[in-house]
Amino acid sequence: MSEVKVFLEGIGEVSVPKGTTLREIVEKYYPDRKDEILGAVVNKDIKDFFYEVQEGDRIRPVTWQAPEGKHIFWHSSAHLLAEALESLYPGVKFGTGPAIENGFYYDVDLGDRTIGEKEIKQIEKKMLELARRKSPFKKRILSKQEAIEYYKKKGDPYKLEILEGIEDDVVSFYEHGNFVDLCRGPHLPHTGFIKAVKITNVAGAYWRGDPSKPQLTRIYGISFPTKEELKEYLRRLEEAKKRDHRVLGKQLGIFTFSQNVGSGLPLWLPNGAVLRKQLEDFLYREQVKRGYKFVYTPHIARKHLYEISGHFQKYHHHMFQPFTSPDETEEYILRPMNCPHHCEIYKSEPRSYRDLPLRLAEFGTVYRYEQSGELSGLLRVRGFTVDDAHIFCRPDQVLDEFKSVIDLVLFVFKKLGFEDFSAQISVRDPNNKEKYIGDDELWEQAEKSIQQAAEEMKLPARVMEGEAAFYGPKLDFMVRDALGREWQLGTIQVDYNLPQRFDLTYMGPDNKLHRPVMIHRAPFGSIERFVGVLIEHTEGKFPLWLAPIQVAILTISEKFVDYAKQVEQKLKDAGFRTLLDDSDEKINKKILKAEKQRIPYMAVIGQREAEEGTVAVRSRGRKQIGTMTVEEFIEFLKEQL
RNA sequence: GCCAGGGUAGCUCAGUCGGCAGAGCGGGUGAUUUGUAAUCACCAGGUCAGGGGUUCGAAUCCCCUCCCUGGCUCCA
């Protein structure tokens, strides 16, 4: 019998008979770990115990601890969920049921049935009951024809549709207990590994993500090998909720919404306004330093402007509809983007190649009609302010401009402590070039410039084909919120379309008119969203320069209020934002209140301080710093700005 | 927009079977004059999201609308 050589992690190269499965490898070479090994990463792929090892395979067994182990675990949990559903609700039709980042889901067609609290309890109970049977997973290979017949007999249209899309002649099925599923795997050895499950959410999901197709019920869940880990997971979720910007935003007086104003239209409260102003001032100064020119443009424009830009035709469903002047002779719209206004500024005078790049910046408020189900605190709203700028440049300047924008975004992120972000380059779908405007050569040049710029700036970015805007490729910066959802913040987009539509030109050194290239860019993306994410990242503990209130002055008793007022005035004169708590509460309570408001510094004032002309300084989070004169305190604060 | 779950005092939430709308925090007033994470007492505060229906009687059951939450789709 022929042998194959494989490399086992922690053991080295071994020679085994051809046809040896991963199960046999684990039993022979990892006997003491066989109860915790769930599968293995073979070369780059995750495989389960049915895998027959091949010559040259590098095999790394994985347990629950590894991400790949969790993937196997949760994928099998999805099958367990399906088994429970089929047993509780016979006749359920199944879509797909993958493992996801945190758990798994299964899309099912429940007919007229809905899933509520009661059903969720039942499903969880049934899953655990089935798991306890330790049903082994079995893998079977069927011909595609056999598979089609099986699902025709069972009456599962979704599975038939999946089969139609498979090109191979044979397909694999996994079976455990009473449930059989068309599935590529990988799966656990048996269901007994699953000791704790939680149905986390029930939601509608269109079949194959297509709104024209029927909507299935997506049942989300998560599972663990021990009950303790489930508890810990739920505890962490609770913790995350405390960082939710909607909760903190209210608590800290940053923003609110009013039904009368309208959904998705945030109202900035005084504390939020301070925060926003600080951020805008910071960006203003930084951009002026970098050669941007600030402009102001109105929030509305004649409909015609957006017909020129093409937004009215292309972006119609996201726009509030035209309204008219009192005599109804003119139609205006609420702008969904700032670029057309900036194009008009470009056009306001003839431009020479010597004027380029021209960088026009504005904190431009825009209004977009987002679908109601999509609104989410400050992270998705209908009225928001873009820290926008449009760079008009020559084609040969695109690379340098792009690099300098990346530098700006990285600078801004660093200043605000965003270290955990990812970058994504969106390029054309190479198989569907007619979807995009602009000629091939320009696109290729732009895509190359973006990738080159990212490389030269040492910015790792994943490239997504087919994600580009119709007018040009882009680079986006994404960060996660407290609940782990990814949001796009900063964006840099190359645009060949608008300069053409607005007939923008510049006089070249050759004394001929040329077409400039536009770069749309926004380091924050939207100020609303940025503040939302910033709240979650900092838990509302803003750095001193951003904190709406920087120093809380706390009196020990009424007797020291006069002195406290003098201290407050000195701090205000030095430019600090203060709050004097002269209520007749005890100092403990005052500290607690200041902590809850996340105020960076507290100045406690009692008998000693009033006599000596000092303050007893304390910083956010239990730290007493010491007693110092007011002047020393002001110096101390200034050092931290 | 679609699916599901929700909406009770400023906030967080309780309210059993359809039978007098509650608590804590916050707010006001008074007492207290306090030394580093909650002093005590009293008081005010409600169209139970809005509208309609069923019923002797609705926060509670049914229908419609609005809003919120989580997904889907979309997107800064």
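In what follows, every chain begins at residue 1, and chains take the letters A, B, ... in the order their sequences are listed.
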### Message
Applying a 4.0 Å non-hydrogen cut-off, can you work out what A:Leu554 is touching in the nucleic acid: base, sugar-phosphate, or nothing?
### Response
nothing
### Query
When every nucleotide of nucleotides 36-42 of chain B is labelled 5' to 3' by its protein contacts under 4.0 Å (heavy atoms), B for base, S for sugar-phosphate only, - for none, what sequence of letters results?
BBBB---
### Query
Can the ring centroids of A:Phe94 and A:Tyr158 be said to lie less than 6.0 angstrom from one another?
no
### Task
Mind telling me whether A:Phe224 and A:Trp74 have parallel, tilted or perpendicular rings, with 30° and 60° as the class edges?
perpendicular
### Test of ring centre spacing under 6.0 Å for A:Phe530 and A:Phe384
no
### Message
My understanding is that a pair needs two contacts under 3.5 Å, Watson-Crick or G-U wobble. By that rule, which nucleotide pairs with B:rC40?
### Response
B:rG30
#### Entry: Under 3.5 Å on both distances, the Watson-Crick or G-U partner of B:rC2
B:rG71
### Message
Assess the residue pair A:Trp207 and A:Asp107 against the criterion (side chain to side chain donor-acceptor pair (under 3.5 Å)); give the C-alpha distance rounded to whole Å, side-chain angles, the decisive distance to 0.1 Å, and a yes or no.
### Response
CA-CA 8 Å; A:Trp207 172 237; A:Asp107 281 348; over 6 Å; no
### Query
Is the distance between the ring centroids of A:His317 and A:Tyr369 under 6.0 Å?
no
### Message
I'd like to know if A:Lys559 and A:Glu611 make a salt bridge, using a cut-off of under 4.0 Å between side-chain N and carboxylate O.
### Response
no
### Pairing partner of B:rC13 (Watson-Crick or G-U wobble, both distances under 3.5 Å)
B:rG22
### Query
For A:Gln488, which contact category applies under a 4.0 Å heavy-atom criterion: base, sugar-phosphate, or nothing?
sugar-phosphate
### Task
Establish, with yes or no, whether the OP1 or OP2 oxygen of B:rA76 is under 4.0 angstrom from a side-chain nitrogen or oxygen of A:Thr491.
no
### Message
Measure CD/A:Glu370 against C1'/B:rA76 and give the value in whole Å, please.
### Response
9 Å
